[in-house]
A.B. asks: 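I'd like to ask you about the structure that follows.
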Amino acid sequence: MTILSHEIRRGTKSLIIWTAAITALLGMCIALFPQMKDMMGAMSEEFSKMGAFAEQFGAMDAMMGDLGSFYAVEATSMLGLGGSLFAAFCAIDIVSKEQHKKTADFLLTHPVSRTRILTEKLISVIVRIVLFDLIVYGCMTALTVAVGESVPDNFLRLHLVYMFMHIEFAGISFALSAWLSKSGVGFGIGLVMGMFFLQAVANMMDRLDFLNYITPFGYCKGNVIITNGEIEWVKILIGMLICAAAVVSAYIIYPRKDIT
Amino acid sequence: MHVIETQNLTKSYGNARGIVDLTLTVEQGEWFGFIGPNGAGKSTLIRTLLGLIHPTSGSAKVLGYDVMSQNQEILKRTGYLPSEAVFYPGMKVKDILKLSSKLRKTDCAKEAQILCDRLQLETNRKIDELSFGNRKKVAIVAALQCKPELLILDEPTSGLDPLMQHEFFNIIHELNDNGTTVFVSSHILPEIQRNCNRAAVIREGRIIACDNVDALGHSNSKRVALRGNVNLDGLTGVNNMKINGDITSFLYTGEINILLGRLASGNVSELNIREPDLEEMFIRYYEGSPTDQTNRIPQAASEKEVN
């Protein structure tokens, strides 16, 4: 497990920075929620006499009225997009960096098989992602209690589903890293942003709904999970199969790759 | 035992040539030199032996193990010094050495300390702070600390000052005396001439000569240098003439007696006749096309190589 501990040590700094940044952004939403709730309450009374406009406002009020719904909206961008970018960054260079940073001549001339190198590097990525999600979840739960709100019912479920998405992005990025000889950071960002927009397109037109089965954002519908605890296991299963196929491809390609 | 044995080893990168039909043997305990200019295929052979790249055709064995299927056995017993020593930034020298020994599942701390002392390498410094030469020293210690059976050195002295080069070769000589086989790739010919038992010359991916270092440097020609005035007009076998003031230098392949006659009839104050050095031979090997060169290799050398 030498490579595993080596990678975890080298990834600690970025883990701390990303975890702190996402925790701070999400934490800000939770910290501001009580104030926002009071404001919404006051505004709600004023708008209640305004007919059709009041109806529209009522919908917004419902969304912002409880912490769970509010958090689900905010989490989409921060935990969804931010966390996925972190997952992609963790994995996209984990294998290829040895080649483009020229440390492969050191690592690969020691008696450690390439399969073992892949395994230990993959574990290090998963460990970092799980730690990231656990810390963010723990901090958010503690902060919710600290601001005097009750922890939403399906809070854990919401975080769990997002963790599946992070792992899926990490798995695909890991495969790209094993294929590439150069830095793949651009691919990593492109992958996450591409999938995010794919979901946006899928939600715009009913006939494109099938795209939700491809993009990991398709199963990360925070509102649905928070409101009724519903998890779309089929979509998650498809995502995990795509992730597994990507990882298997890394194990096929990397041991046969020429390290020039 | 053949420590390195390649049979018609070929590696091409798409349409680009790496090495072509390379057949070579290195015996146990030898200090073998591999000579060639940049891009000739030296690194391709080394990377193939280490399993970093896979041959297109042919076979190669190192320490009796196949480079494709038994790569781990080879790496357990081989120390590799790359030409460019690159490590993980932010790590201290001692951490790099510890990482290397942990990857080899061997405790080499004692040997590492001895080598660091001899090479005057501070183990508490960070890799990022080190000069090119000092990073090279880290690579040397990492390659030698676990006492490998085979050492593969790629341009080993680049970046080392002359004192360190001297100490480095002392260490390698000690290891070689104790049975370690040394395979060194270099284009610093005096290094090869001083240290190696045998050497091979590679050109455009093919070995064009392989023999004892003395035999490689040996030819019918002599390097003649003289101070004074001599009329060499019409003398056959004079090549590579250089005149610098009253000093004349040339390669001579003709009859010695005829040369001596000419010299006696001239006005010579100083005279030096010697075997041309390996560097001159090396330049000769690289003149003309590879096919021409093969014809110019001493017969014994080419036969030995092919076998």
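Below, all heavy atoms of this structure are taken into account, side chains as well, without hydrogens, waters or symmetry copies. Please read these numbers as outputs of a predicted model, since none were measured by experiment. Residue numbers start from 1 in every chain, and the chains themselves are labelled A, B, ... in the order their sequence lines are given, proteins ahead of strands.
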A.B. asks: Indicate yes or no: at least one non-hydrogen side-chain atom of A/F106 is less than 4.5 angstrom from one of B/Y88.
C.D. replies: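 Heavy-atom side-chain distance check passes, below 4.5 Å.
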A.B. asks: Could you check if a side-chain atom of A/D105 sits within less than 4.5 angstrom of a side-chain atom of B/R47, using non-hydrogen atoms only?
C.D. replies: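 Yes. Closest side-chain heavy atoms under 4.5 Å.
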A.B. asks: What's the spacing between B/M91 CE and A/R9 CZ if we round to 0.5 Å?
C.D. replies: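 Here the rounded value is 7.0 Å.
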A.B. asks: Ignoring hydrogens, what is the shortest heavy-atom contact between B/H54 and A/K257? Give both atom names and the distance.
C.D. replies: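 Nearest heavy atoms, B/H54 then A/K257: CE1-O, 3.5 Å.
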A.B. asks: As an exercise, state the distance from CD1 of B/I46 to OG1 of A/T109, rounded to the nearest 0.5 Å.
C.D. replies: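 B/I46 CD1 to A/T109 OG1: 11.5 Å, rounded to 0.5 Å.
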A.B. asks: Using a cut-off of under 4.5 Å for heavy-atom pairs, which of B/G51, B/S100, B/G90 has the most such pairs with chain A?
C.D. replies: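 Highest number of pairs under 4.5 Å: B/S100.
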A.B. asks: More than 12 foreign heavy atoms under 6.0 Å from CZ of B/F132: is that the case here?
C.D. replies: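 More than 12 heavy atoms, drawn from other residues, nucleotides or ligands, come within 6.0 Å of this atom.
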A.B. asks: Measure across A/T260 and B/Y13 and return the closest heavy-atom pair with its distance rounded to 0.1 Å.
C.D. replies: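 The pair with the smallest heavy-atom distance is CG2-CE2, 3.8 Å.
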A.B. asks: What heavy-atom pair brings A/K101 and B/V86 nearest, and what distance separates the two atoms?
C.D. replies: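 The answer is O-CG1, 3.2 Å.
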A.B. asks: So does A/D258 pair up with B/K11, basic N to acidic O under 4.0 Å?
C.D. replies: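 Yes.
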A.B. asks: Taking the side chain as C-beta and beyond, is there a heavy-atom pair between A/L107 and B/L103 under 4.5 Å?
C.D. replies: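 Yes. Closest side-chain heavy atoms under 4.5 Å.
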A.B. asks: So which heavy atom on A/R10 is nearest to which on B/P89, and how close?
C.D. replies: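 Heavy-atom minimum between the residues: NH2-O, 2.7 Å.
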A.B. asks: Which region of A/H110, side chain (C-beta onward) or backbone (N, CA, C, O), has a non-hydrogen atom less than 4.5 Å from a non-hydrogen atom of chain B, or is it both or neither?
C.D. replies: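 For A/H110, backbone and side chain are both near chain B.
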A.B. asks: Between atom NZ of B/K98 and atom OG1 of A/T2, what is the distance when rounded to the nearest 0.5 Å?
C.D. replies: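 Here the rounded value is 11.0 Å.
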